[in-house]
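So that the names make sense, note that chain A is the first sequence line, chain B the second, and so on, each numbered from 1.
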Number of protein chains: 2
Amino acid sequence: MRYSHQREIIREIVFSTNSHPTADWIYGEIKKSLPNVSLGTVYRNLKQLADEGIIRNIQDGPVARYDWNIEPHDHLKCNVCGEMIDIQVPNEIIKDTVMEKYDFEVSDVEITLVGKCNKHT
Amino acid sequence: MRYSHQREIIREIVFSTNSHPTADWIYGEIKKSLPNVSLGTVYRNLKQLADEGIIRNIQDGPVARYDWNIEPHDHLKCNVCGEMIDIQVPNEIIKDTVMEKYDFEVSDVEITLVGKCNKHT
DNA sequence: ATAGTAATAATAATCATTACTAATTAAAAA
DNA sequence: TTTTTAATTAGTAATGATTATTATTACTAT
């Protein structure tokens, strides 16, 4: 992956916030310094950065968000303001524990384990 | 919610499979008996059935899937064939445990707790 | 300096989903 | 039973997020 100015700025933007930004938000930010960037460039570079393991892709319902924190961690998603809060889920996922520890009224826990099923050796 | 023939068939289709079907797949199925149904009708009714708690909505990346099983449970998602397999995550989420119990090579665990953060009383 | 190739801007295309509208229909009221 | 009503529908247009295309531009190794 050779150097590109656009990608470098995109990386810096992702690293500058804890807000788990979307491609669209990042597009708005980068246009402040590079008004001619294309939204496609933002998407392409976010994908490349995620593929390289430099940033992390997190799926928030139907939209993709990005996170500079590539350590394994989970999220609380507020269904009022939409904010995503980083958490470390302990060995026991206990709704009640999360509720008091993070002062968060859990209404739904979504757990998806992604990998390869036994049909593929 | 008054009776509708279309909604009843949509409900039956969801209840007839363990494949966590998408709106589009259900649309293909219902057209076999009602060739004139509209895709919008499928979406609207799936939403109503989910709102009523008759079926469950599960988000699979950017697409919505539906499940007749409304009991709290989780899923294994195969990133080769895309299949979603029902599981009961035990009190301890241990990748290793899931791996041997379900013979599934876990590469990523996605946990999202949805609810209301402390900014909203 | 230049050839080769990756990256870009601009734009069109795609895919899932929602919104709109006039016509139809289930169910309640007369 | 007929009339009234409001929910539901088919058809279609619109939206929002993302990916693909294409001609042009810009890194970088030689």
**OP:** Could you check whether A:Y43 gets within reach of a base, just the sugar-phosphate, or nothing at all, counting any heavy atom under 4.0 Å?
**Re:** base
Original post:
Taking atom C1' of C:dT25 as reference, at what distance in whole Å does atom CZ of B:R7 sit?
Top reply: 13 Å
**OP:** Would you indicate which nucleotide in D:dT12, D:dT9, C:dA7 comes nearest to any side-chain atom of B:R44?
**Re:** D:dT9
Subject >> Phosphate-side-chain proximity, B:Q6 and C:dT25, N/O vs OP1/OP2 below 4.0 Å >> reply: no
Original post:
Where the side chain of B:S38 is defined as all heavy atoms beyond and including C-beta, which of C:dT8, D:dG11, C:dA16 is the nearest nucleotide?
Top reply: D:dG11
Original post:
Taking atom P of D:dT19 as reference, at what distance in whole Å does atom CG of A:N45 sit?
Top reply: 13 Å
Subject >> Spacing of B:Q48 atom CD and B:R7 atom CZ [to the nearest 0.5 Å] >> reply: 4.5 Å
**OP:** In whole angstrom, give the distance that lies between atom CG of A:L39 and atom P of C:dA9.
**Re:** 11 Å
Original post:
Between D:dT8, D:dT19, C:dA7, which nucleotide has the shortest distance from any of its atoms to the side chain of A:K47?
Top reply: D:dT19
**OP:** May I ask you to say what B:D24 touches in the nucleic acid, namely base, sugar-phosphate or nothing, with a heavy-atom cut-off under 4.0 Å?
**Re:** nothing
**OP:** State whether the distance check finds a donor on one side and an acceptor on the other, under 3.5 Å, for side chain A:R2 versus base D:dA26.
**Re:** yes
Original post:
What is the distance from atom CG of A:L39 to atom CD1 of A:I26, rounded to the nearest 0.5 Å?
Top reply: 10.5 Å
Original post:
Nearest to the side chain of B:N36, which nucleotide is it out of D:dG11, D:dT18, C:dT25?
Top reply: D:dG11
**OP:** Check every atom of D:dA17, C:dT17, C:dT8 against the side chain of B:A64 and return the nucleotide holding the closest atom.
**Re:** C:dT17
Subject >> Proximity to the side chain of A:Q48 - top-ranked nucleotide from D:dT18, C:dA9, C:dA7 >> reply: C:dA7
Subject >> Nearest-Å distance for atom pair CD/P, residues A:Q59 and D:dT18 >> reply: 7 Å
Subject >> Spacing between A:E8 atom CD and C:dA6 atom C1', to the nearest angstrom >> reply: 17 Å
**OP:** Tell me who clusters with A:I58, hydrophobic residues only, linked when side chains sit under 4.5 Å apart either directly or through other members.
**Re:** A:M84
**OP:** Could you check B:H5 against B:G40 and say which one's nearest nucleotide on DNA chain D is further toward the 5' end?
**Re:** B:H5
Original post:
If every non-hydrogen atom of A:T41 is compared with every non-hydrogen atom of A:I10, which pair is closest and at what distance?
Top reply: O-CD1, 4.1 Å
Original post:
When you match B:Y3 and B:A23 each to their closest nucleotide on DNA chain C, which lands nearer the 5' end?
Top reply: B:A23
Subject >> Whole-Å gap separating C1' (D:dA17) and CG (A:L46) >> reply: 13 Å
Subject >> Side-chain (A:R11) to main-chain (A:I55) donor-acceptor, under 3.5 angstrom >> reply: no
Subject >> Given D:dA17, D:dT8, D:dG11, the nucleotide with the shortest approach to the side chain of B:S4 >> reply: D:dT8
Original post:
Rounded to whole angstroms, how far apart are CG on A:D51 and P on C:dA6?
Top reply: 16 Å
Original post:
Whole Å only: how far is the CG atom of A:L34 from the P atom of D:dA26?
Top reply: 13 Å
Subject >> Rounded distance [0.5 Å steps], SG in B:C78 versus CG in A:N118 >> reply: 9.0 Å
